[in-house]
Amino acid sequence: MSAPLLSTHGLQARYGDFQALFGIDFHVAAGEVVALIGANGAGKSTLLRSLTGLLPVARPMVQLGGEAIGGLPAHEIVRRGLAMVPEGRRLFTGMSVEDNLRVAIDQAKTLALRAAADAWTLERLYALFPILRDKRRTPVESLSGGQQQMVAIGRALLLQPRVLLCDELSLGLAPKVVREIHAALPQITAAGTAIVLVEQDVGLAQHSSQRLYCMLEGRITLQGASAAVTREAIAQAYFGGSHHAMA
Ligand SMILES: Nc1ncnc2c1ncn2[C@@H]1O[C@H](COP(=O)(O)OP(=O)(O)OP(=O)(O)O)[C@@H](O)[C@H]1O
């Protein structure tokens with residue numbers, strides 16, 4: 001395996017007195033898609049929040065490109081190369097597709113992000129999701145859910161991430177558009193960007209990732225190559241115990 005780009009080391013996180021993560025060891029390599037699955041409340045979103053500086057964690061518990069970044073301010077973590085597509089998309093309503101994307105371009109300028117030769121630009125984004133070019137003057141609230149998700153992904157990519165964190169991309173979307181969005185992932189990873197996919201749909205997570213982790217009650221209960229893990233192993237890791245079957 002190549003050296004991990006992003007990793008956690010015995011990561012613990014709490015909400016006040018409530019401990020939500022218990023010693024998570026997780027890693028993703030450049031160009032890799034890793035899926036994070038688990039039932040509601042397993043701790044997937046908490047892990048993403050810990051990575052992105054939204055929850056306080058100890059500095060050495062999160063490493064990006066060999067640097068300890070745990071608990072740094074969220075904007076500093078973005079500057080170092082982690083960007084998130086948040087659950088619920090959180091676009092700026094009343095603004096067009098392109099104006100939403102320009103907010104990210106301005107943010108990238110403010111953060112003085114590196115301008116690599118292969119940096120994401122509006123043009124490159126419109127090539128990835130051509131429908132966004134057609135809709136660039138359309139207010140985002142008039143778009144379909146799938147198109148809004150494309151804008152949310154675009155906004156994160158314009159922050160030039162080394163790792164793109166995606167929280168429930170498929171939530172509430174029709175299967176056809178979910179397939180369309182997932183089909184774009186290899187174009188994102190082709191230049192070395194890694195993707196972490198939090199996904200409720202286990203089949204989709206398995207199909208779209210090279211490796212997966214399953215979480216249960218704040219712990220990792222299974223990890224392995226997505227093509228190799230069995231449904232039985234996933235069911236056991238997902239629910240705990242050995243007597244549950246997946247629907
Ligand atoms: N803001 C919060 N304050 C207190 N406890 C929280 C908070 N957010 C999450 N939790 C708790 O932390 C645990 C992990 O929740 P988390 O949202 O990370 O799970 P998840 O796997 O992302 O689930 P979901 O798929 O429902 O988003 C749960 O027990 C949840 O109740």
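When a ligand or atom number is given, it counts from 1 through the structure's own listing order.
Per-residue contacts place A39 under 4.0 angstrom from the following atoms of ligand 1 (heavy atoms of the residue considered): 21 (O). For ligand 1, the atoms lying closer than 4.0 Å to a non-hydrogen atom of R49 are 8 (N). Close contacts between ligand 1 and A42 involve ligand atoms 19 (O), 20 (P), 21 (O) [criterion: under 4.0 Å to a heavy atom]. The ligand atoms of ligand 1 that sit less than 4.0 angstrom from a heavy atom of Q200 are 25 (O). Contact atoms of ligand 1 toward F18: 11 (C), 12 (O), 13 (C), 29 (O) (distance under 4.0 Å to a heavy atom of the residue). If you number the atoms of ligand 1 from 1 as listed, the ones under 4.0 Å from a heavy atom of T46 come out as 14 (C), 15 (O), 16 (P), 18 (O). Near E168, with a cut-off below 4.0 Å to any heavy atom, the atoms of ligand 1 are 25 (O).
One side chain, R211 or H27, offers a donor N or O that lies under 3.5 Å from an acceptor on the other.
Looking only at protein heavy atoms, the nearest one to atom 17 (O) of ligand 1 is S45 CB, 3.8 Å. Scanning all protein heavy atoms for the shortest distance to atom 23 (O) of ligand 1 gives G41 N, 2.8 Å. Atom 26 (O) of ligand 1 has N40 OD1, 3.2 Å as its closest protein atom, hydrogens excluded (heavy atom only). The shortest contact between atom 5 (N) of ligand 1 and any protein heavy atom is with Y15 CD1, 3.4 Å.
Under the 4.0 angstrom criterion, atom 30 (C) of ligand 1 counts as lacking any protein heavy-atom contact. In this structure, atom 1 (N) of ligand 1 has a protein heavy-atom contact shorter than 4.0 Å.
With respect to E67, the salt bridge (Lys or Arg N to Asp or Glu O under 4.0 Å) criterion is satisfied by exactly one of R59, R80, R79: R80. Checked against V163 for a side-chain contact (heavy atoms from CB on, under 4.5 Å), the options T193, L51, L64 give a single hit: L64.
Ligand 1 has no atom lying under 4.0 Å from any heavy atom of E217. Using 4.0 Å as the threshold, G43 has a heavy atom nearer than that to some atom of ligand 1.
Side-chain atoms of Q187 never come within 3.5 Å of backbone atoms of A184 as a donor-acceptor pair (strictly under, hydrogens ignored). Remark: the backbone N or O of L55 is not paired with any side-chain donor or acceptor of S50 at under 3.5 angstrom.
Side-chain contact between L101 and Y126: present, with at least one pair of heavy atoms (C-beta onward) separated by less than 4.5 Å. Side-chain contact between K135 and M150 is absent, with no heavy atoms from C-beta onward closer than 4.5 Å. Side-chain contact between R155 and L91: present, with at least one pair of heavy atoms (C-beta onward) separated by less than 4.5 Å.
Under the 30°/60° scheme for interplanar angles, the aromatic rings of Y213 and F26 are found to be tilted.
For E217, the CD atom sits in a loose shell: 12 or fewer heavy atoms of surrounding residues, nucleotides or ligands are nearer than 6.0 Å.
Using a 4.0 Å cut-off between heavy atoms, M215 makes no contact with ligand 1 at all.
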